[in-house]
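Only a predicted model underlies this, so the values are computations on that prediction, with no experimental measurement involved. In this chain, residues are counted from 1 in sequence order. In listed order, ligands and their atoms are each counted from 1.
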Amino acid sequence: MAKEIKKPSFDLNSKVAIVTGGTKGIGYAIASTFAMYGCNVVITSRTPEDCERIAKDINTLYGVKCLGIAADSSNKENIDAVVAKTVEAFGKIDILINNAGISGKTASLLEQTEDSFMKVIDTNLKGCFLFASAVVAQMAKQGKGGKIVNIASVGGLIGGKSVAPYGASKAGVLSLTKTMANEWARYGITVNAVCPGYVITELNQDIFANPEIKAKMEKRTAVRRLGCVEEIAGPVLAMVSDCFSYMTGTYILLDGGQTIGG
Ligand SMILES: NC(=O)C1=CN([C@@H]2O[C@H](COP(=O)(O)OP(=O)(O)OC[C@H]3O[C@@H](n4cnc5c(N)ncnc54)[C@H](O)[C@@H]3O)[C@@H](O)[C@H]2O)C=CC1
Ligand SMILES: C[C@H](O)[C@@H]1OC(=O)[C@H](O)[C@@H]1O
């Protein structure tokens, strides 16, 4: 008899995930997709009403426990409180998705200020470091490993005009992902990233509202269209499942062929 091959499973039953910035856009799609697969989810954003409302919706729609906790991803005290409240409510953390992010001021480098630069770095890069560090301290105590996915961007690979702080923050996230994977493999924790291209969300709705710009962006992709949030959430689900147990310290590019020249 030939060797039996294990059937891949995306089941997240009884797992507990934190999805930062889980009230909107890509984060909301990820939190909802995890919930569809049985995962209890903690979602964060800075607005308490949004957290409460969306957590209730996810709970009603998918029958899992969902907790909304207001927290600023650039604030260490807030982050430590999210980790403590998650452990208090669920007893453990299995998965962290570092998703909360802002695009920042669209302007040339010379027009960026210390404030506009640091605001993006604090949310996108410092937040990723602080959240992962706080969660890993808990995962290490649990002794059963864990999965972290950082939401980076094509912007972190190619830079791009007028979005220097954003590109730099996402390049930093990709570098952090490698170091985290190296240093935390000893705890059985894998750390990976995804680099989405153009995905329609609130982050960029103003830009894509202009039909000319939208058409230009679509033309930059090989598939000639913008992405949707489900096209990021599905791959992230696979990445936190048992299927991706041998992947760590790297990223998946989800850009419709933007970086191969369109
Ligand atoms: N939409 C796109 O085309 C792409 C987005 N991304 C990344 O995906 C992630 C999600 O972006 P979208 O869903 O598009 O944006 P969005 O604006 O729709 O949602 C962002 C979420 O992050 C939260 N957030 C922002 N700043 C926060 C802070 N300081 N503390 C806590 N929560 C905060 C917001 O409340 C919201 O829930 C971001 O990291 C973004 O950089 C990456 C590549 C492409
Ligand atoms: C903010 C941009 O419109 C959006 O964000 C990203 O990371 C994508 O690459 C898009 O450019």
Side-chain angles (χ1 to χ4, degrees), residues 18-32 42-51 53-55 58 68-79 81-82 97-107 118-128 130-131 149-174 176-177 193-210 213-214 216-218 220-221 225-233 235-236 251-256 258-259 262:
I18 297 176
V19 181
T20 71
T23 58
K24 283 182 193 162
I26 292 171
Y28 171 68
I30 292 171
S32 300
V42 172
I43 53 170
T44 72
S45 88
R46 285 158 300 180
T47 319
E49 301 78 41
D50 285 359
C51 289
R53 181 172 49 84
I54 300 296
I58 290 179
I69 305 176
D72 184 334
S73 275
S74 64
N75 180 303
K76 186 173 183 315
E77 257 176 49
N78 285 194
I79 290 167
V82 172
I97 309 299
N98 268 315
N99 166 78
I102 52 172
S103 51
K105 180 176 168 184
T106 306
M118 289 316 296
K119 204 166 167 210
V120 177
I121 297 292
D122 279 352
T123 305
N124 297 5
L125 181 58
K126 188 178 90 175
C128 174
L130 289 175
F131 240 115
V149 176
N150 298 322
I151 310 300
S153 168
V154 160
L157 299 170
I158 63 173
K161 276 188 213 158
S162 310
V163 285
Y166 185 77
S169 74
K170 295 299 188 179
V173 166
L174 289 171
L176 262 185
T177 300
V194 292
C195 290
Y198 302 119
V199 182
I200 309 169
T201 65
E202 275 186 32
L203 187 83
N204 49 32
Q205 65 184 2
D206 296 347
I207 304 170
F208 295 141
N210 178 327
I213 296 183
K214 184 168 175 271
K216 200 168 132 191
M217 302 301 177
E218 285 169 342
R220 281 193 194 154
T221 68
R225 64 174 178 84
L226 308 178
C228 65
V229 291
E230 288 87 347
E231 290 174 306
I232 312 302
V236 173
Y251 62 86
I252 295 183
L253 193 50
L254 302 166
D255 70 344
Q258 184 189 340
T259 45

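Protein heavy atom closest to atom 15 (O) of ligand 1, with residue, atom name and distance, is L203 CB, 3.4 Å. Summary of contacts: the protein heavy atom closest to atom 19 (O) of ligand 1 is K24 CB, 3.9 Å. With hydrogens left out, the protein atom closest to atom 35 (O) of ligand 1 is S45 CB, 3.5 Å, a heavy atom. Given atom 38 (C) of ligand 1, the protein heavy atom at minimum distance is N99 O, 3.2 Å. Nearest protein heavy-atom contact of atom 21 (C) of ligand 1 is G21 O, 3.6 Å. Of the protein's heavy atoms, I151 CG2, 3.4 Å lies nearest to atom 8 (O) of ligand 1.
Note: an N/O pair closer than 3.5 Å links R46 and ligand 1 by distance alone. Looking at T23 next to ligand 1, an N or O pair under 3.5 Å apart turns up. Polar contact check, G22 against ligand 1: no nitrogen or oxygen pair lies under 3.5 Å apart. The shortest N or O to N or O distance between S103 and ligand 2 is not under 3.5 Å. At a 3.5 angstrom cut-off on N or O pairs, P196 does not count as close to ligand 1. Among the atoms of G27, none of the N or O lies under 3.5 angstrom from an N or O of ligand 1. At a 3.5 angstrom cut-off on N or O pairs, T201 counts as close to ligand 1.
Residue C195 does not touch ligand 1, judged by heavy-atom distances below 4.0 Å.
At distances below 3.5 Å, at least one donor-acceptor pair connects side-chain atoms of T123 with backbone N or O atoms of K119.
Atoms of ligand 1 lying under 4.0 Å from at least one heavy atom of V199, given by number and element, are 1 (N), 2 (C), 3 (O). Against a heavy-atom cut-off of under 4.0 Å, N204 is close to the following atoms of ligand 2: 3 (O), 4 (C). Shown in contact with E202 at under 4.0 Å from a heavy atom are these atoms of ligand 1, numbered in order with element: 18 (O). For ligand 2, the atoms lying closer than 4.0 Å to a non-hydrogen atom of Y198 are 10 (C), 11 (O). When each atom of ligand 1 is checked for a heavy atom of I102 under 4.0 Å away, the hits are 25 (C), 26 (N). Set against the non-hydrogen atoms of S153, the atoms of ligand 1 under 4.0 Å away are 42 (C), 43 (C). Close approach of ligand 1 to G25 (heavy-atom distance below 4.0 Å) involves ligand atoms 13 (O), 18 (O). Taking every non-hydrogen atom of A71 and a distance limit under 4.0 Å, the qualifying atoms of ligand 1 come out as 30 (N), 31 (C). Per-residue contacts place N204 under 4.0 angstrom from the following atoms of ligand 1 (heavy atoms of the residue considered): 1 (N), 2 (C), 3 (O). Those atoms of ligand 2 with a heavy atom of I207 less than 4.0 angstrom away are 3 (O). Atoms of ligand 1 found under 4.0 Å from any heavy atom of D72, numbered from 1 in the order shown, are 28 (C), 29 (N), 30 (N).
In this structure, a donor-acceptor pair under 3.5 Å is absent between the side chains of D72 and N78. Under the 3.5 Å distance criterion, with hydrogens and angles disregarded, no donor-acceptor pair is assigned to the side chains of T23 and D50.
By the 4.5 Å heavy-atom criterion applied to side chains, Y28 and I54 are counted as neighbours. Between L157 and C195, some side-chain heavy-atom pair lies under the 4.5 Å cut-off. Residues I97 and T20 fail the side-chain proximity criterion, which asks for heavy atoms closer than 4.5 Å. You'll find the side chain of E231 stays beyond 4.5 Å of the side chain of L254, heavy atoms only. Two residues are said to be in side-chain contact when any heavy atoms from C-beta on lie closer than 4.5 Å; I213 and M217 meet this criterion. The shortest side-chain heavy-atom distance between V82 and I18 falls under the 4.5 Å cut-off. Considering only heavy atoms from C-beta on, C228 stays 4.5 Å or farther from V199 through its side chain. A 4.5 Å side-chain heavy-atom check between Y251 and V173 finds every atom pair outside the cut-off.
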Given the rule in the salt bridge (charged side-chain N to carboxylate O under 4.0 Å, His left out) test, do E218 and R225 qualify, once you have shown the distances and angles that lead to the verdict?
CA-CA 5 Å; E218 285 169 342; R225 64 174 178 84; over 6 Å; no
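With a 6.0 Å radius and a threshold of 12 heavy atoms from other residues, nucleotides or ligands, Y198 has its OH atom above the threshold. At most 12 heavy atoms of other shown residues, nucleotides or ligands fall within 6.0 angstrom of atom CD in E77. Dense packing is recorded around NZ of K105, with more than 12 heavy atoms of other residues, nucleotides or ligands lying under 6.0 Å away.
For Y166, the closest heavy-atom approach to ligand 1 falls below 4.0 Å. Taking 4.0 Å as the cut-off, A29 does not count as a neighbour of ligand 1 on heavy-atom distance. Ligand 1 has at least one atom lying under 4.0 Å from a heavy atom of A152. Using a 4.0 Å heavy-atom cutoff, Y166 is listed among the residues neighbouring ligand 2.
Counting only non-hydrogen atoms, the option in S73, S169, C51, A100 that gets closest to atom 33 (C) of ligand 1 is A100.
In this structure, the separation between OG on S169 and CG on L125 is 6.5 Å, given to the nearest 0.5 Å.
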